[in-house]
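Inspection log for the structure reproduced underneath, given as structure tokens.
Here is the naming used below: chain letters follow the sequence lines, and residue numbers restart at 1 for every chain.
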Amino acid sequence: ELKVEQNPLFLSMQEGKNYTIYCNYSTTSDRLYWYRQDPGKSLESLFVLLSNGAVKQEGRLMASLDTKARLSTLHITAAVHDLSATYFCAVDIKAAGNKLTFGGGTRVLVKP
Amino acid sequence: KAGVTQTPRYLIKTRGQQVTLSCSPISGHRSVSWYQQTPGQGLQFLFEYFSETQRNKGNFPGRFSGRQFSNSRSEMNVSTLELGDSALYLCASKGHPAQETQYFGPGTRLLVL
């Protein structure tokens, strides 16, 4: 059974500093996703990572994938208050019909 | 292009009742998936539909069912509601199952009393 673990579960950040969220998964997957969720809102797609060594960046967020280690990281550079949200990673396996298996989420709070 | 829409947005039911939730995917999208989000269990996959056929089903009891219509709109039904069914139900659409990104709707928040 595919399992996805994120850590930390909660991250209190100071504005201007850098932080990393980790996502480990238990079996080979085809795609790794990062989503953002604001309180009471739906999921917003941030990145899709398809291959080993893939790196994608958008603004202060950068995601990378190491398929050999079954590890993805979401790096936040110079945190700002607007980045406060819960971040989820998810993986899917095409053979399993594209169902997403989500990590437990990392709640991020950026303090001034 | 309009996003994924879900109706109703909020719903209050009592134990034992049944409920039907609706999802309209992005125009042209034919793949629809449903997820349940609760504080305790997190985000869990319910079902995936493509071209009116269920392609995959998560580990939920038979009280949870779904269907997809020829216009790609999807409904999910929960019968004999239990308190534990209180959750945010999210629908997501893709153009085709092989495509990379799913687009999520705003969700239906169900409260079972």
At a heavy-atom separation under 4.5 Å, does Leu88(B) approach chain A through its side chain, its backbone, both, or neither? side chain
What part of Phe47(B) lies closer than 4.5 angstrom to a heavy atom of chain A: side chain, backbone, both or neither? neither
Enumerate donor-acceptor pairs with a distance under 3.5 Å from any side-chain N or O in residues 42-51 of chain A to protein atoms, sequence neighbours excluded.
unit_1, atom_1, unit_2, atom_2, d
Ser42(A), OG, Gly105(B), O, 2.2

Are the charged groups of Arg73(B) and Glu75(B) less than 4.0 angstrom apart, N to O? yes
Closest heavy-atom contact between Gly104(A) and Gln6(A)? N-OE1, 3.8 Å
Donor-acceptor pairs under 3.5 angstrom involving side-chain atoms of residues 36-44 of chain B: please list them, not counting sequence neighbours.
unit_1, atom_1, unit_2, atom_2, d
Gln36(B), NE2, Tyr89(B), OH, 3.0
Gln37(B), OE1, Gln37(A), NE2, 2.9
Gln37(B), NE2, Gln37(A), OE1, 2.9
Thr38(B), OG1, Gln41(B), N, 3.1

Taking side chain as everything from C-beta outward and backbone as N, CA, C, O, which of these in Lys94(B) sits under 4.5 Å from a heavy atom of chain A? Side chain, backbone, both or neither. side chain
